Asker: 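Quick one: the structure is below, and I'll ask about it shortly.
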Amino acid sequence: MSSPPGIEVPGSLIASYTRNGSEEERTWIAGLSSLVAELLDRWELERDGGIGSGEASLVVPVRRADGSRAALKLQMPREETSAALIGLRAWDGDGIVRLLDHDPASSAMLLERLDGSRSLASVEDDDVAMGVLAGLMSRLHAAPPPEGLRRLGDVARGMLASVPAAVAALPDPADRRRVRGWASAVAELVDEPGARDRMLHWDLHHDNVLAAEREPWLAIDPEPLIGDPGFDLWPALDSGGEGLRATGDAQRVVRRRFDLLTEVLGLDRRRAVGWTLGRLLQNTLWDIEDGRTTIDPSQTAMADALAGR
């Protein structure tokens, strides 16, 4: 697959869309280079650095006609891409990267340029980093929820409907008991009044916070959802992943993070634990959909760390 001159789509991104992708995905990635070229021309943008990519998106550093720096982000239009646009418009740069322009037809976004080389993971003091996450999360949750986003209650009820089949796929009785226990925690919360419903980021962790010029740190890559703020904690609690668990002191760190986040955000701890168990349930359901037949040990470790909180 070739690209127009100067528009190089990374091979890893091409592979992610073509290896097991649908015909729609293969068609989109085949036209991506031409789409970039068309948007550069339409928005009077000049490339200003090397192209980057994630698992599903392409990011092109650019300069606008007035000389200001920006980033052109392209991802195949999906429900989560539309949700990100709704969220970014609603937040309007308050604690998060600012949306400068977008193309409704392709879901392409022109974003404020942040420092992609320096994420919050570079901050060695965990309390400081968690304080930054808590502050950003508090600001994001304060925005009035807009229309057009999925609601946590609907997501949670869908999870609960999937539990019987998931339990049947787990051969270990202990794993089955865990999944049922997590589902029970969610069932207790799902129909409670939604007075605490807020706009959630859904994926706010160290690597999704970048250094910026406008502020020291700003969030990126939201997957907005309207629901209880407790459902937003798990990515922050799990920040560092394998590195966190390799310390041998992961449970203490998780508990300290949980205490800091719930205090800053003013959350009821019972609800926060319950919705965090909901995230563990969601992760496990996804794993089972992908063919896994055991609970990932990291999910079990997180649940154990929060026991008694």
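Just so you know, these numbers use all the heavy atoms, side chains as well, and skip hydrogens, waters and symmetry mates. Keep in mind that what you see is a predicted model, and the values were worked out from it rather than measured.
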Asker: Within the 4.5 Å heavy-atom criterion, are Val36 and Val9 side-chain neighbours or not?
Answerer: no
Asker: Hey, any chance Trp286 and Leu152 share a hydrophobic cluster, counting ILVMFWY side chains that come within less than 4.5 Å of each other, even indirectly?
Answerer: no
Asker: Arg292: what forms a side chain to side chain contact (heavy atoms under 4.5 Å, CB included) with it, not counting sequence neighbours?
Answerer: Asp287, Thr294, Asp296, Pro297
Asker: Within the side chain of Arg150, is there an N or O that forms a donor-acceptor pair under 3.5 Å with the backbone of Glu79?
Answerer: no
Asker: Please evaluate residues Arg279 and Leu237 with respect to the criterion side-chain contact (heavy atoms from CB on, under 4.5 Å), reporting the C-alpha separation (whole Å), side-chain torsions for both, the decisive distance (0.1 Å), and the verdict.
Answerer: CA-CA 11 Å; Arg279 290 298 291 262; Leu237 296 175; over 6 Å; no
Asker: Does any non-hydrogen side-chain atom of Leu39 lie less than 4.5 Å from one of Val60?
Answerer: no
Asker: Between Arg89 and Leu99, is there a donor-acceptor pair closer than 3.5 Å when you use the side chain of the first and the backbone of the second?
Answerer: no
Asker: When the ring planes of Trp202 and Phe231 are compared, do they come out parallel, tilted or perpendicular, using 30° and 60° as the limits?
Answerer: tilted
Asker: Can you confirm whether Arg19 is buried at CZ, in the sense that more than 12 heavy atoms of other residues, nucleotides or ligands lie under 6.0 Å from that atom?
Answerer: no
Asker: Check this for me: Arg256, atom CZ, are more than 12 non-hydrogen atoms of other residues, nucleotides or ligands nearer than 6.0 Å?
Answerer: no
Asker: Test your reading of the model: is there a side-chain donor-acceptor pair from Arg69 to the backbone of Asp48, 3.5 Å cut-off?
Answerer: no
Asker: So is Arg118 actually on top of Trp217's ring, under 6.0 Å and inside 45° of the axis?
Answerer: yes
Asker: Any pair with a residue in residues 170-187 that passes side chain to side chain donor-acceptor pair (under 3.5 Å), sequence neighbours left out, goes on the list, sorted by first then second residue, please.
Answerer: Arg178-Asp304
Asker: Under the 3.5 angstrom rule, does the side chain of Thr262 hit a backbone N or O of Phe258 as a donor-acceptor pair?
Answerer: yes
Asker: Do Leu267 and Leu261 have side chains that approach each other closer than 4.5 Å (heavy atoms only, starting at C-beta)?
Answerer: no
Asker: For residues Val59 and Ala71, report the shortest heavy-atom separation together with the two atoms involved.
Answerer: CG1-CB, 4.1 Å
Asker: Between Glu25 and Arg78, does at least one N-O distance fall below 4.0 Å, as a salt bridge requires?
Answerer: yes
Asker: Can you confirm whether Lys73 sits close enough to Leu58 that some side-chain heavy atom of one is under 4.5 Å from a side-chain heavy atom of the other?
Answerer: no
Asker: Can any side-chain N or O of Ser138 pair as donor or acceptor with the backbone N or O of Gly135 at less than 3.5 Å?
Answerer: no
Asker: Spell out, as yes or no, whether a donor-acceptor pair under 3.5 Å connects the side chain of Ser107 to the backbone of Asp103.
Answerer: no
Asker: Indicate yes or no: at least one non-hydrogen side-chain atom of Asp207 is less than 4.5 angstrom from one of Asp221.
Answerer: no
Asker: Just wondering, are more than 12 heavy atoms of other shown residues or ligands nearer than 6.0 Å to CD in Glu215?
Answerer: yes
Asker: Could you walk me through whether Leu111 and Ile220 satisfy the side-chain contact (heavy atoms from CB on, under 4.5 Å) test, starting with their C-alpha distance in whole Å, then the side-chain angles of each, then the deciding distance to 0.1 Å, before giving a yes or no?
Answerer: CA-CA 10 Å; Leu111 300 168; Ile220 63 168; over 6 Å; no
